[in-house]
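What follows is one structure encoded as structure tokens, with my remarks underneath.
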Amino acid sequence: LSLKFGDIGNLKGLVIRFLLTTSYYQLSVQNWFSLHRLQLLYNHSIQATFNATRIYAPASYSYHCEHVSSLQRYDALLIPSSANDLSKLWEVTFIDFQIQGFNIREGHFAYAKDCASFFSPAILMGLVMSLILLLVLAYALHMLIHLKSLDRNYECKASPAYFAQMKDNDMGDEKEPLRSSGNESYELRSQQFRKIYI
């Protein structure tokens with residue numbers, strides 16, 4: 001597949017050639033196409049050759065990527081074919097790149113397989129946060145299951161009351177005989193505690 005620039009100034013003799021291959025894969029039970037190599041030609045002579053990596057899609061689909069480039073900051077899907085080649089002197093970047101080599105109908109691209117990987121940084125961060133939340137939930141459930149309930153027959157015993165020592169004359173004032181038939185009773189008057197002595 002050749003891309004020619006026509007009569008555009010200095011680009012008149014520049015041709016970008018995409019070498020596409022198609023293969024049948026039994027696992028997916030369909031044909032896949034891949035961009036095998038990219039060549040830059042100027043005035044019918046090859047100036048640079050790049051090997052393409054990870055640029056493939058089912059033959060009935062098209063391939064789309066935001067950046068297809070030889071630069072590392074764009075993930076370098078185009079790699080110079082050899083160290084001695086002039087490709088090292090070229091920097092190639094396609095923005096909003098879409099290609100389809102086979103099964104083209106009515107001059108329109110088919111459904112596009114995007115180059116975005118499944119494990120993008122945002123997806124990985126979401127998975128890590130989900131894992132942390134699951135661990136917190138599991139710990140909370142573990143603590144609830146192993147929480148010991150109070151025994152029904154458990155008696156709540158208060159701490160022994162503290163009584164300050166009182167003088168004998170004060171005790172005489174607070175004791176008063178209870179009126180009862182035959183038995184002598186006394187009642188201890190206090191604001192907090194009441195005890196009856198018989």
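Residue numbers count from 1 along this sequence. If you're wondering where the values come from, they're calculated on a predicted model, not measured in any experiment.
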message: I need the Thr93 OG1 to Arg73 CZ distance, nearest 0.5 Å.
response: 6.5 Å

- request: Report yes or no: does Ser70 contribute a side-chain atom to a donor-acceptor pair with the main-chain N or O of Val92 at less than 3.5 Å?
  value: yes

- prompt: Going by heavy atoms in the side chains, are Phe50 and Leu77 under 4.5 Å from each other?
  reply: no

Spacing of CG belonging to Leu127 relative to CG belonging to Leu134, to within rounding of 0.5 Å: 10.5 Å

Test item: Leu41 and Arg17 side chains (from C-beta on) under 4.5 Å apart, heavy atoms: yes

- prompt: Below 4.5 Å, heavy atoms only, C-beta onward: do Tyr24 and Val29 meet side chain to side chain?
  reply: yes

- prompt: Do the rings of Trp32 and Tyr56 sit parallel, tilted or perpendicular, given the 30° and 60° boundaries?
  reply: tilted

task: Could you tell me whether the side chain of Tyr63 reaches within less than 4.5 Å of the side chain of Leu35, counting heavy atoms only?
output: no

message: For a 4.5 angstrom cut-off between non-hydrogen side-chain atoms, does Arg54 reach Cys115?
response: no

field: For the student: nearest non-hydrogen atoms of Ser2 and Val15, plus distance
entry: CB-CG1, 4.1 Å

query: Can any side-chain N or O of Gln100 pair as donor or acceptor with the backbone N or O of Ala110 at less than 3.5 Å?
result: yes

message: Looking at every heavy atom in both His142 and His146, which two are closest together, and how far apart are they?
response: O-ND1, 3.0 Å

task: Using a 4.5 Å cut-off on heavy atoms from C-beta on, say whether the side chain of Ile99 contacts that of Val68.
output: no

message: Taking OH in Tyr139 as the centre, count heavy atoms belonging to other residues, nucleotides or ligands within less than 6.0 Å. Is the count above 12?
response: no

query: Is there a path from Leu20 to Ile16 through hydrophobic residues (I, L, V, M, F, W, Y) whose side chains come within less than 4.5 Å of each other?
result: yes

message: Same cluster or not: Tyr25 versus Phe33, using hydrophobic residues (I, L, V, M, F, W, Y) connected whenever any side-chain heavy atoms lie under 4.5 Å apart?
response: no

message: Before you tell me yes or no, could you show the steps for Leu19 and Gln39 under side chain to side chain contact (heavy atoms under 4.5 Å, CB included), namely the whole-Å CA-CA distance, both residues' side-chain angles and the distance that decides it to 0.1 Å?
response: CA-CA 8 Å; Leu19 301 176; Gln39 292 178 339; 4.1 Å; yes

query: Can you get from Leu135 to Leu124 by hopping between Ile, Leu, Val, Met, Phe, Trp and Tyr side chains that sit under 4.5 Å apart?
result: no

- request: For atom CD of Glu91, decide whether the heavy atoms of other residues, nucleotides or ligands shown that lie under 6.0 angstrom number more than 12.
  value: no

- prompt: Do the side chains of Phe94 and Ser69 get nearer than 4.5 Å, heavy atoms only?
  reply: no

Spatial distance of atom CG (Asp96) from atom CD (Glu66) [nearest 0.5 Å]: 5.5 Å

query: Which value, rounded to the nearest 0.5 Å, describes the distance between Ser23 atom OG and Gln30 atom CD?
result: 12.5 Å

- prompt: Once you round to the nearest 0.5 Å, how far does CD1 of Ile55 lie from NE2 of His36?
  reply: 12.0 Å

query: Do the rings of Tyr61 and Tyr111 sit parallel, tilted or perpendicular, given the 30° and 60° boundaries?
result: perpendicular

- request: Please name the pair of heavy atoms, one in Gln98 and one in Ser62, separated by the smallest distance, quoted to 0.1 Å.
  value: NE2-OG, 2.9 Å

- prompt: Do Ile104 and Leu1 share a hydrophobic cluster, counting only Ile, Leu, Val, Met, Phe, Trp and Tyr and linking them when any side-chain heavy atoms are less than 4.5 Å apart?
  reply: no

statement: All heavy atoms of Thr21 vs all of Phe102, minimum pair found to be O-CE1, 4.2 Å

query: Got Thr49 and Leu38 here, is their nearest side-chain heavy-atom distance under 4.5 Å?
result: no

- request: Report whether Leu144 and Val136 are members of the same hydrophobic cluster (ILVMFWY, side-chain heavy atoms less than 4.5 Å apart, transitive linking).
  value: no

